[in-house]
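Notes for the one structure printed next.
One-based numbering, in listed order, for ligands and for the atoms of each. Every heavy atom of this structure was used, including side-chain atoms; hydrogens, water molecules and symmetry mates were not.
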Amino acid sequence: MSGEVTVVVGVQWGDEGKGRIVDVLANDADVIARFGGGNNAGHTLVVEGRKVVLRSVPSGVFHAPKPLLIGAGVVIDLANFVQELDELAAIGIDISRIKLDERAHLTLPYHVALDRLGEQSRGKAAIGTTGRGIGPSYVDKVARVGVRVGDLRHPERLAERVRAAVAYHEQRLVDGGVSIDPDRIVDELAALSPRILPHLIDGVELVQDVLARGGRVLAEGAQAAMLDVGFGTYPYVTSSHTVAGGACIGLGVGPTQVGEVIGVTKAYCTRVGGGPFPSELHDEIGERIRERGNEYGTNTGRPRRCGWFDAVAARFACRLNGVGRLVVTKLDVLSGLDRVGVVTSYVRDGRAVGVDQIGDDGVTPEITWFPGWSEDVRTARRIQDLPETARAYVQFLEQVTDTPVGWISVGAERSALIELT
Ligand code: IMP
């Protein structure tokens, strides 16, 4: 009997609350794995009064005593990772179950510098990256000048690769007034090495052994479909494949091994950084959503741009990912609004256009309005507990995305979840 992979992905522009559903599904999983992105992701948890920010470790770390894998498709900043391990150990987490695929690529100081230089050179068209060196790390992977975590096992090879990569980027760094000493990077990596080596494994073996035994792999996505390097609002995207297919590439599983894909969406929409966001609210309603929803970047503290639910983008993302069920998060944040909008089409010269034209000149969003609800829904635990108007709103989201809603989250705490059968 073979097991299967369940993939959890965001279907908007990130920060949908993927950790909420990982929390629900983690108990049935035999391994929880991150398949892409790096420390551009952020997930804040408060455990016994201590704030812990997860960046590279899967959010499943708090939910079940299962192995946690940082997959081959992830790029990792080891100094940051060690700090994360220390923070987790300090609150009593058994960090020995955190495993790192040796194929994962390193994010090194020159990647961070190149990220900054890239943004500077883009000027007004800056992407608004998280500044963590994610894009340049993936570029190096594809350019075949990357350094992998497994290179730590071979100090000479590691030193050679770091030196070669710095030489490869030298002109750009010099032009940008950045001085990078490769030997210092090598020394820093050597100092971190004893902390990293015990976590290194062949991640493919771990995942495939679980599947061969009939077990379940929970693949936790980072960022979201509309930030996917291939299908998102390019070039205002991250540099990895954030869609469900990225789980295959980032973990080493075949498409036939994926069972279900679960898509996570907020009841409204947010985006951090630059790029088109047609349903953005520049008024006091946007401000209200930001405050009520605490829409500030976990990692960078940047205020998130807030807007109405974008059904065109979400429907596209559900198809792109093959989403079987949706999780709608933060429904409670919309309480108290007179009316709630949903972008139901994009129009140019009176004709509907596709999602690929988001942000093009002359393309405007069309909004469908719904009556709001005044009730506080944070205590709702069954669909019947929601006001009629909130229920109608969720039903509409199902209809426009053509995807059933499996869960609705109505508050920050674990129990604030409605499961639909
Ligand atoms: P990068 O991933 O740092 O290169 O940033 C590229 C784009 O993705 C920027 O618009 C970032 O704000 C966005 N981004 C990256 N990670 C996240 C995330 O975890 N949540 C929301 N947006 C993100």
Side-chain angles (χ1 to χ4, degrees), residues 8-20 22 34-45 53-59 70 73-77 80 84 105 107-122 124-142 220-243 246 250 264-266 268-277 280 290 293-307 310 313 317 329-330 358-359:
V8 174
V9 286
V11 296
Q12 298 176 307
W13 278 277
D15 308 312
E16 294 90 352
K18 294 174 280 288
R20 289 307 307 273
V22 169
R34 266 274 305 266
F35 61 81
N39 62 337
N40 48 350
H43 189 65
T44 308
L45 286 138
V53 180
L54 296 176
R55 300 175 203 93
S56 299
V57 174
S59 65
I70 299 171
V74 172
V75 291
I76 188 150
D77 176 328
N80 204 274
E84 211 172 315
H105 277 246
T107 294
L108 292 166
Y110 48 88
H111 294 125
V112 177
L114 291 166
D115 197 354
R116 183 170 44 78
L117 294 176
E119 284 290 81
Q120 279 167 4
S121 68
R122 284 183 200 104
K124 277 199 187 131
I127 292 164
T129 70
T130 58
R132 302 291 194 259
I134 305 302
S137 306
Y138 280 112
V139 168
D140 275 9
K141 175 178 179 178
V142 177
E220 186 180 321
Q223 292 85 42
M226 298 310 289
L227 288 172
D228 181 273
V229 67
F231 298 98
T233 44
Y234 192 89
Y236 298 95
V237 293
T238 190
S239 297
S240 62
H241 283 292
T242 55
V243 292
V264 188
T265 174
K266 282 180 194 170
Y268 49 94
C269 217
T270 64
R271 164 159 217 179
V272 201
F277 182 13
E280 184 169 7
R290 182 174 308 112
N294 191 24
E295 297 295 357
Y296 293 89
T298 308
N299 222 326
T300 57
R302 293 181 290 179
R304 295 180 185 140
R305 301 156 67 190
C306 299
D310 186 327
T329 62
K330 292 194 156 181
I358 290 185

Using a strict 4.0 Å cut-off to heavy atoms of [X], name the atoms of ligand 1 that fall inside it.
{"X": "W13", "value": "21 (C), 22 (N)"}
{"X": "I127", "value": "6 (C), 10 (O)"}
{"X": "G128", "value": "9 (C), 10 (O), 11 (C), 12 (O)"}
{"X": "A41", "value": "19 (O)"}

Side chains of [X] and [Y]: closer than 4.5 Å at any heavy-atom pair?
{"X": "T233", "Y": "W13", "result": "yes"}
{"X": "V229", "Y": "T242", "result": "no"}
{"X": "H105", "Y": "S137", "result": "no"}
{"X": "Q223", "Y": "N40", "result": "yes"}
{"X": "E220", "Y": "S59", "result": "yes"}
{"X": "R271", "Y": "L227", "result": "yes"}

Test your reading of the structure: does [X] have an N or O sitting under 3.5 Å from an N or O of ligand 1?
{"X": "G14", "answer": "no"}
{"X": "T238", "answer": "yes"}
{"X": "S239", "answer": "no"}
{"X": "T130", "answer": "yes"}

**Request:** Begin from the C-alpha positions of R304 and D15 and carry the test salt bridge (Lys or Arg N to Asp or Glu O under 4.0 Å) through to its verdict.
**Result:** CA-CA 10 Å; R304 295 180 185 140; D15 308 312; 3.2 Å; yes
**Prompt:** Going through the distances and angles, do T130 and R132 end up as a side-chain hydrogen bond (donor to acceptor under 3.5 Å, both in side chains)?
**Reply:** CA-CA 5 Å; T130 58; R132 302 291 194 259; 5.2 Å; no
**Message:** Looking at every non-hydrogen atom in both residues, tell me the closest pair between Y110 and D140 and how far apart they are.
**Reply:** CE1-OD2, 3.7 Å
**Asked** Should the proximity of R271 to ligand 1, defined as any heavy atom under 4.0 Å, be assigned to the side chain, the backbone, both, or neither?
**Response**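 For R271, no heavy atom sits under 4.0 Å from ligand 1.
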**Fill in**
If you compare R304, Q223, R305 by their heavy atoms, the one closest to atom 17 (C) of ligand 1 turns out to be Q223
**Asked** Relative to atom 5 (O) of ligand 1, which among L227, T129, T300, V237 owns the nearest non-hydrogen atom?
**Response**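 Of the listed residues, T129 has the closest heavy atom.
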**Message:** Quick test: of every protein heavy atom, which one is nearest to atom 21 (C) of ligand 1, and how far off is it to 0.1 Å?
**Reply:** D15 OD2, 3.0 Å
**Request:** Starting from atom 10 (O) of ligand 1, find the nearest protein heavy-atom neighbour and note its residue, name and distance.
**Result:** V272 O, 3.0 Å
